[in-house]
2 protein chains.
Amino acid sequence: MNTKNADTRQETAVQATGNADASGIAALMQALADVNRLRILNLLLQEKELCVCDIERVLAVPQTRVSRHLTILRNSGWVAARREGRWMHYRLTDDSPLQRELTHGFRKQWRAVPEFMQDIARLQQPTIVCCDPLSENHP
Amino acid sequence: MNTKNADTRQETAVQATGNADASGIAALMQALADVNRLRILNLLLQEKELCVCDIERVLAVPQTRVSRHLTILRNSGWVAARREGRWMHYRLTDDSPLQRELTHGFRKQWRAVPEFMQDIARLQQPTIVCCDPLSENHP
DNA sequence: TTCATATATTCGCATAGACGAATATATGGT
DNA sequence: ACCATATATTCGTCTATGCGAATATATGAA
């Protein structure tokens, strides 16, 4: 099977049901119940796509941790991954209406959170982004 | 100290900071990562105030469990309690802007969740509510 | 004071989740 | 084929969380 350049999205109960039941929603929230994952989502709210090494550098967190939490976010339907050469590019996937509500709220409210704003600031230092110099679609 | 009729709100890190930091937000989400607690919040989105025995009956869940999860919701700043005689009346407390965003979204999106709608339906059977026949402020 | 009711807490147990270190896998370059 | 880089997974361990049963506490009534 050809794995390179495949768009990866994990098969889970959450995905299958479109989060439309109570335990699906609980699982969706559970995925948000960790600072590492919130910080990752915060970055992806700003930059459409990021590879693991970027996240690792911006958050100053060991690679294993970033990867682990990205897997959790993927399994819970919060992000999807796209391989490009050696790099995996992660992006937000707010597919369900509930998720869109939530991300919309986060975009607005997380601007008041210093830690998140600092992460964004570090993200925007151009030297820190390794493999994603073009922010998805620049006109 | 006089405990009867005191309005109870737990002192926690979350409360203290107004959830305005990343780990406070994670704690807020963590409180939502359980079906029991989601169902309780769902009821409180509909009925302004409910006592434990009402919740117990509507959700058909043992008392210990309801009480435990109400405590967790209280400690995380999602509900507050008011004693009235033998009963504790719980109500939603979406104090922070983030919480208001979230509850607003839930009010809208949870209508699509069958389990939640069924709970509301059972809540509205008049025989099932024991000690709160007046829904807070009826004109 | 004694009893019944409403709610909260403790206890022991079982499962889930987070961590770093080490290791495995996948890709591209040489 | 071999190596370097990017990412994922496994392993052992530790802590957190959920559960029901039992118990404790608080209030009001008799």
Side-chain angles (χ1 to χ4, degrees), chain A residues 1-6 8 10 12-13 22-23 26-27 29-40 49-76 79-90 129-132, chain B residues 1-6 8 10 12-13 22-23 26-27 29-40 49-76 79-90 129-132:
Chain A
M1 134 177 35
N2 179 18
T3 72
K4 65 173 119 169
N5 286 43
T8 313
Q10 221 82 355
T12 68
S23 71
M29 295 305 169
Q30 170 78 330
L32 301 176
D34 177 279
V35 179
N36 298 289
R37 296 195 287 270
L38 293 182
R39 293 177 74 198
I40 291 173
E49 266 195 348
L50 286 170
C51 61
V52 181
C53 58
D54 285 339
I55 298 174
E56 193 183 332
R57 267 188 293 263
V58 173
L59 302 188
V61 144
Q63 181 266 325
T64 289
R65 204 147 112 201
V66 173
S67 191
R68 195 198 347 266
H69 288 291
L70 280 170
T71 300
I72 292 170
L73 286 173
R74 186 144 48 107
N75 286 338
S76 60
V79 305
R82 177 178 63 87
R83 179 178 285 284
E84 191 170 320
R86 276 174 282 195
W87 296 276
M88 289 291 273
H89 292 251
Y90 282 89
V129 171
C130 77
C131 44
D132 208 315
Chain B
M1 128 175 41
N2 179 19
T3 72
K4 69 172 114 171
N5 288 43
T8 314
Q10 219 81 355
T12 67
S23 70
M29 296 305 170
Q30 168 78 327
L32 301 177
D34 177 278
V35 179
N36 299 288
R37 297 195 287 272
L38 293 182
R39 292 177 74 198
I40 292 173
E49 265 195 347
L50 286 170
C51 61
V52 181
C53 56
D54 285 339
I55 298 174
E56 193 183 330
R57 267 187 292 265
V58 173
L59 301 188
V61 145
Q63 182 266 325
T64 290
R65 202 147 112 202
V66 173
S67 190
R68 197 200 344 268
H69 287 290
L70 280 169
T71 300
I72 292 170
L73 286 172
R74 187 142 48 106
N75 286 339
S76 60
V79 305
R82 177 179 62 87
R83 181 177 283 283
E84 192 172 320
R86 276 174 280 195
W87 296 276
M88 290 292 273
H89 292 251
Y90 281 89
V129 171
C130 78
C131 46
D132 211 313

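A, B, ... follow the sequence lines: proteins, then strands. Residue 1 opens every chain. Just so it is clear, the values below take in all heavy atoms, side chains as well, and ignore hydrogens, waters and symmetry mates.
- Between A/Val66 and A/Gln63 the shortest side-chain heavy-atom distance does not fall below 4.5 Å.
- The line from CG of B/Leu38 to NE2 of B/His69 is 10.5 Å long, rounded to the nearest 0.5 Å.
- B/Ser67 is not listed as a side-chain neighbour of B/Leu70, based on a closest heavy-atom distance of 4.5 Å or more.
- With distances taken from any side-chain atom of A/Arg74 to the nucleotides C/dT27, C/dA18, D/dA8, the minimum falls on D/dA8.
- Looking at A/Arg39 and A/Val61, their side chains come closer than 4.5 Å, going by heavy atoms from C-beta outward.
- B/Tyr90 has a side-chain polar atom (N or O) that falls below the 4.0 Å cut-off from OP1 or OP2 of C/dA8.
- The distance from atom CG of B/Asp34 to atom C1' of D/dC19 is 11 Å, rounded to the nearest whole Å.
- Computed from coordinates, the A/Asn36 CG to C/dG20 P distance equals 8 Å when rounded to whole Å.
- Side-chain nitrogen and oxygen atoms of A/Thr71 include at least one within less than 4.0 Å of the OP1 or OP2 phosphate oxygen of D/dT9.
- Counting to the nearest Å, the C1' atom of C/dG28 and the CH2 atom of A/Trp87 are 9 Å from each other.
- Distance CZ (B/Arg83) to P (C/dA6): 12 Å, rounded to an integer number of Å.
- A straight line from CZ of B/Arg82 to P of D/dT27 spans 14 Å, rounded to a whole angstrom.
- Residues A/Gln30 and B/Met29 form no side-chain contact, since every pair of their non-hydrogen atoms from C-beta on lies 4.5 Å or further apart.
- Computed from coordinates, the A/Leu73 CG to C/dA18 P distance equals 10 Å when rounded to whole Å.
- At a threshold of 4.0 angstrom between heavy atoms, the contacts of B/Arg68 include nucleobase atoms, whether or not backbone atoms are also involved.
- Not one side-chain nitrogen or oxygen of A/Arg86 sits closer than 4.0 Å to the OP1 or OP2 atom of C/dT25.
- Nucleic acid contact class of A/Ile72 (heavy atoms, under 4.0 Å, all strands): sugar-phosphate only.
- For the OP1/OP2 pair of D/dA6 and a distance below 4.0 Å, the side-chain nitrogens and oxygens of A/Gln63 include no atom meeting the criterion.
- The separation between B/His89 atom NE2 and C/dA6 atom C1' is 11 Å, rounded to whole Å.
- With rounding to whole Å, B/Asn75 atom CG is found 9 Å from C/dT9 atom P.
- A donor-acceptor contact under 3.5 Å links the side chain of B/Thr64 to the base of D/dA22.
- Among the protein residues, B/Gln30 comes within range of the sugar-phosphate backbone only, with heavy atoms under 4.0 Å from sugar or phosphate atoms but none that close to a base.
- Comparing atom distances between the B/His69 side chain and each of D/dG18, C/dT9, D/dT7 picks out D/dG18 as nearest.
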